[in-house]
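Take a look at the structure set out below.
Chain identifiers are assigned alphabetically (A, B, ...) following the order of the sequence lines, protein sequences preceding nucleic acid strands; residue numbering begins at 1 within each chain.
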Amino acid sequence: MLDIKLIRDNPEAVRDKLALRGDGYDITEIVELDRQQRDLETQRSQLQARSNEIGKAIGQKIKSGSDPKGEEIQSLKAEGNQVKTQLSDLEPQEKELKAQLETLLLNLPNLPSDSTPIGKDETENVEIRRWGDEHKPQNEKILPHWDIAEKMGILAVDRAVKVAQSRFVALLGAGAALERALISFMLDRQIAAGYTEVIPPFLINSASLQATGQLPKFAEESFKCDSDDLWLTPTAEVPLTNLYRDEILTSDELPIYHCAYTPCFRREAGSYGKDTRGLIRLHQFNKVELVKVVRPATSEDEHQSLVRDAEAILQALKLPYRVIELCTGDLGFGANKCYDLEVWLPASGTYREISSCSNFGDFQARRGNVRFKEKGKKGTQYAHTLNGSGLAIGRTMAAVLENYQLPDNTIRVPEVLQPYLGREVL
RNA sequence: GGAGAGGUGGCCGAGCGGUUUAAGGCGCAGCACUGGAAAUGCUGUUUAGGGGCAACUCUAACGAGGGUUCGAAUCCCUCCCUCUCCGCCA
């Protein structure tokens, strides 16, 4: 959520920044509603003050022996009633304005950072660096990961669809073992890099989803448990960031680094027909996520190191990848700056997103009321939140199945995974 | 799921219709005392919004939301959460 004071004081600057994301964001109504709301608030609090005076005066007069039925008190009561009538007229108006304002603000995306490249859509994203060209497999007859997996008997698609529906899979035998090895490996690495592991709830309430930005705008992307105010987690970003919702942290608690393995559930609405085969786009997938809660002054550096922590996994697995910086037109709703890591998938000859590392600034902290207090300083400040995949497991599995494929339809196990799997070939 | 008890400031805990402007304690910070410390004393110690250049000032908040009243932490209703016992359960 953007700071209403920022919008109030610099509407033009906010407008210009939002325009970099594309059309359709208008703050005119927000500015106007804010003005009306403050007018009403001033009136209301003056009436309230008078009402408090009257209440206090009656109390004192009764205490000092006045007749509660006497004329003096009766006329005060009459005035109290009159004030109350006026208040009961203003209050609902102000409430309504506040609710409208809140809705508009919740639907407004974050402002892109000054350093985010300007562009209209994904075609104008910027490649920052590339790693591991020397590890790209030279074999030209590499099977897509779904073919090799079915040949190996480690992936059951049709049977999983029978159990759930399309875009669900089951892993068997070495497939399940590889998935589990990847999870353990990634967690171990990120813990060694300084992240504290968390196993959070996988069902999440609405307030949490609103804080991180999935609600209200993107309700159709998540699975909801109908009879409860609970949703299946779309990413561990939500439960991890929300651990600190409505808290005032002390400055020595920051920075907070968390990593977590969770399954992730997404409806993938609007992507019918896209990536229908394999492990790329599923309603349920596993992910190891990184989340940071930091001081504002450090968040840009923390963002860079977060990206490096995610990259370290790809490097350890010797999977070729590139780092893309998203342009203003492709930036996610809550991010002010974002890098995607894209892994090389040789069967299709493309790079595919395997991690997305975003800096949210105080956008989520404001929605979720995550604040901290600097020792010796007055008042509180919003923390900055960041997160990134470290990494998406299913897509990593796909990348391993393709980049480590051997001509005899077996898979060489990446060196760093061998201790987890106890073998060199699957 | 059944029965009961609760939810008050950073923490403990009193208050159960009117100087509560939330007692008292603990903790924390500053000052005094001290060679230094402990102990002691004094002072201070929430958050958010509005107005003001500022000093300051008004409003709101006692789990959440409604209601009764001139006035609600206190009474009524709904919901959420915690604890205890019983049942069920990995």
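With salt bridges taken as basic N to acidic carboxylate O contacts below 4.0 Å, one links Glu32(A) and Arg35(A). Using a cutoff of 4.0 Å between basic side-chain nitrogens and carboxylate oxygens, Glu41(A) and Arg38(A) are not scored as salt-bridged.
Contact annotation: Arg8(A) side-chain N/O to G50(B) OP1/OP2 distance is under 4.0 Å. Within the structure, a side-chain polar atom (N or O) of Lys373(A) is placed less than 4.0 Å from OP1 or OP2 of U47(B). For the OP1/OP2 pair of A48(B) and a distance below 4.0 Å, the side-chain nitrogens and oxygens of Thr380(A) include at least one atom meeting the criterion. When the side-chain nitrogen and oxygen atoms of Arg50(A) are compared with OP1 and OP2 of C58(B), none of them lie within a distance under 4.0 Å. In this structure, Lys77(A) does not reach the G71(B) phosphate: none of its side-chain N or O atoms is under 4.0 Å from OP1 or OP2. The shortest distance between the side-chain N/O atoms of Arg38(A) and the OP1/OP2 oxygens of G51(B) is below 4.0 Å. For the pair Asn52(A) and U59(B), the criterion of a side-chain N or O lying under 4.0 Å from OP1 or OP2 is met. Phosphate contact (OP1/OP2 of A60(B), side-chain N/O of Gln48(A), threshold under 4.0 Å): present.
Checked against A48(B), C70(B), G49(B), the side chain of Asn81(A) finds its nearest nucleotide in C70(B). For Ser45(A), whose side chain is taken as the heavy atoms from C-beta onward, the closest listed nucleotide among G50(B), C58(B), G71(B) is C58(B). In this structure, the nucleotide among A48(B), G65(B), G18(B) sitting nearest to the side chain of Ile62(A) is G18(B). When distances run from any side-chain atom of Ala49(A) to the nucleotides G71(B), U59(B), G49(B), the shortest one goes to U59(B).
Distance check on atom C1': A38(B) versus A48(B) gives 40 Å, rounded to whole Å. Comparing A14(B) with G4(B), their P atoms sit 23 Å apart, to the nearest whole Å. Taking the C1' atom of each, G10(B) and C83(B) are spaced 22 Å apart, rounded to whole Å. C56(B) and U8(B) have their C1' atoms separated by 29 Å, given to the nearest Å. U34(B) and G15(B) have their C1' atoms separated by 41 Å, given to the nearest Å. Nucleotides A64(B) and G9(B) are separated by 10 Å at their P atoms, to the nearest Å. Straight-line distance between the C1' atoms of G6(B) and C12(B): roughly 16 Å, to the nearest whole Å. The gap from the P atom of A3(B) to that of G71(B) amounts to 36 Å, rounded to the nearest Å.
Shown here, C53(B) forms no base pair; nothing in the strands shown gives a Watson-Crick or G-U wobble contact with both key distances under 3.5 Å. For A38(B), there is no paired nucleotide, since no Watson-Crick or G-U wobble pair has both relevant distances below 3.5 Å. Nucleotide A60(B) forms a Watson-Crick or G-U wobble pair with U47(B), both donor-acceptor distances falling under 3.5 Å. Nucleotide U84(B): paired with A3(B) (Watson-Crick or G-U wobble, both distances less than 3.5 Å). With a 3.5 Å ceiling on both atom-pair distances, U68(B) lacks any Watson-Crick or G-U wobble partner.
Rounding to the nearest 0.5 Å gives a distance of 10.0 Å between CZ of Arg412(A) and CG of Asn403(A).
Side-chain contact check for Tyr339(A) versus Gln304(A): some heavy-atom pair is nearer than 4.5 Å. A heavy-atom distance below 4.5 Å is not found between the side chains of Ser358(A) and Lys337(A).
Within 4.0 Å (heavy atoms only), Lys61(A) reaches no atom of the nucleic acid at all. If you check every strand for non-hydrogen atoms under 4.0 Å, Lys56(A) touches nothing.
Of the listed residues (Lys17(A), Met1(A), Arg21(A)), just one forms a side-chain contact (heavy atoms from CB on, under 4.5 Å) with Asn110(A), and that residue is Arg21(A).
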